[in-house]
**Q** 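Sharing a structure with you now.
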There are 2 protein chains.
Amino acid sequence: MLTQDGTDLVETEAGLGKQRLRLWLQMLKAVRHVESDLRERLRSGYDMTLPRFDVLAALLAAPEGLKMTELSQQLMVSNGNVTGIVDRLVSDGLAERETVESDRRAFRVRISEQGAIQMREMAAQHLSWIDELFADVSEADAARGISIMLDIRHKVHR
Amino acid sequence: MLTQDGTDLVETEAGLGKQRLRLWLQMLKAVRHVESDLRERLRSGYDMTLPRFDVLAALLAAPEGLKMTELSQQLMVSNGNVTGIVDRLVSDGLAERETVESDRRAFRVRISEQGAIQMREMAAQHLSWIDELFADVSEADAARGISIMLDIRHKVHR
DNA sequence: GATCGAAATTTCAGGCATGAAGTAATTATG
DNA sequence: CATAATTACTTCATGCCTGAAATTTCGATC
């Protein structure tokens, strides 16, 4: 089976598959690279871990608080995982659990005043770290990259 | 300070920073999405975890074996981590440790015959899974994506 | 050829992560 | 309104992951 320009369609598809695999492997490495850099900066500068930071960032953006399930969906991690991280944040005084009037199974997790103060500073730093790490990415590339990532994510399974 | 088209340079930079942050957040979510899908397929189909798969994939591509440090650099994970994963692979009979003649501190990790047989099958599946998950990514997008990922990775720190 | 710094690896403590199983409260269904 | 299915969350076992400290070996310098 030949296309108009004479290339073999099966060959072309196989090549595309390998190119997609290359993209996946590069995405993995890039994410690990950035994560390891951020982890180190958070650790040495703020005695903060990446998972805790991620949770606090979600909470800072939701002043009314979030339910555990909302948190775990937003961060794309398991329920049990969020339980542990929030436990530690609460015992460090950075977040608070608050009962929900209408549903005794659930509660809202809210960032504490102390957490908000610390988080606002870290968020500003975080933004500038990303800007530095992504310095070689132009506005156009960023837009295209975002759209590629959305294409990947919107491929639902199950 | 104004650019030719009248937009404010500082505003533009801040916008670019936020766009880069959006790209980063989308990358994180896309990678978590794909990883969780792959993890589930490896688990249910082959009783295999993602970290073990990553190590075996690296070993399959290096028939002469790899030193622990080479492995950990290639996968971008810590040394101690690789020790544990290789331990489990060896006790499952999927990999072997082999002494290095010239250096008694080091050794090579090599994939076993059984590991290679299993891995060849999984690798073919893996390629088709990625092709499926990345179905909405065109050849041009893949190329652009790869180049963006390389731009991010080549930003060295420290 | 003794010593000293660097390199390859392991060990360990602590935290992160999943999936499965458990508890309790809510909602839907007959 | 009884009960069955669902939802919100926790607990647990197991494995992954890091960073720091320890061990052993290597290589260079004096």
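Every chain is numbered from 1 and lettered A, B, ... according to where its sequence line falls, protein lines coming before strand lines. We use all heavy atoms of the structure for the numbers below, so side chains are in, but hydrogens, waters and symmetry mates are not.
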**Q** As a test of reading the structure: which of D/dA8, D/dT18, D/dT25 is closest to the side chain of A/A106, going by heavy atoms?
**A** D/dA8
**Q** Side chain to side chain contact (heavy atoms under 4.5 Å, CB included), that's the test. Do A/M27 and A/I152 meet it? Break it down for me.
**A** CA-CA 12 Å; A/M27 282 170 60; A/I152 295 167; 3.8 Å; yes
**Q** Between P on D/dC17 and CG on A/L50, what's the gap in Å once rounded to a whole number?
**A** 14 Å
**Q** Any N or O donor-acceptor pair under 3.5 Å from the base of D/dT7 to the side chain of A/R105?
**A** yes
**Q** Can you check the B/R108 CZ to C/dT9 C1' distance for me, whole Å?
**A** 14 Å
**Q** When you measure from the side chain of A/E40, which nucleotide among D/dG19, C/dA17, C/dT10 comes out closest?
**A** D/dG19
**Q** Which listed nucleotide (D/dT18, C/dG15, C/dA17) is nearest to the side chain of A/R52?
**A** C/dG15
**Q** Does A/T49 make a side-chain N or O approach to OP1 or OP2 of C/dG15 shorter than 4.0 Å?
**A** no
**Q** If only side-chain N and O atoms of B/R97 are considered, is one of them under 4.0 Å from the OP1 or OP2 phosphate oxygen of C/dA8?
**A** no
**Q** What's the closest nucleotide to the B/K67 side chain, out of C/dA17, C/dT9, D/dT18?
**A** C/dT9
**Q** Separation of A/M68 atom CE from D/dT7 atom C1', in whole Å?
**A** 14 Å
**Q** Name the nucleic acid region contacted by B/I85, choosing base, sugar-phosphate or nothing; use a 4.0 angstrom heavy-atom cut-off, strictly under.
**A** sugar-phosphate
**Q** Can a donor-acceptor pair be found between the side chains of A/Q26 and B/R153 at a distance below 3.5 Å?
**A** yes
**Q** Would you say A/L56 and A/L60 make side-chain contact, with heavy atoms under 4.5 Å?
**A** no
**Q** Check whether any side-chain nitrogen or oxygen of B/R32 sits under 4.0 Å from OP1 or OP2 of C/dT18, and answer yes or no.
**A** no
**Q** Please tell me which of the listed nucleotides, C/dT9, D/dC9, C/dT18, lies nearest to the side chain of A/T69?
**A** D/dC9
**Q** Any idea which of C/dA25, C/dT11, D/dC26 is nearest the B/D103 side chain?
**A** D/dC26
**Q** Start at the 5' end of DNA chain D and walk down; is the nucleotide closest to B/S102 or to A/T83 reached first?
**A** A/T83
**Q** Given that A/G80 and B/G84 both sit by DNA chain D, which one's nearest nucleotide is further toward the 5' end?
**A** A/G80
**Q** State whether A/R43 and A/D37 are salt-bridged, where the test is any N-O pair (Lys NZ or Arg NE/NH1/NH2 against Asp/Glu carboxylate O) under 4.0 Å.
**A** no
**Q** Has B/N81 got a side-chain N or O lying under 4.0 Å from the OP1 or OP2 atom of D/dT18?
**A** yes
**Q** In terms of the angle between their ring planes, are A/H126 and A/F53 parallel, tilted or perpendicular, with boundaries placed at 30° and 60°?
**A** tilted
**Q** In whole angstroms, how far is the P atom of C/dT18 from the CZ atom of B/F53?
**A** 19 Å
**Q** So, is A/R104 near the phosphate of C/dT26, with a side-chain N or O under 4.0 Å from OP1 or OP2?
**A** yes
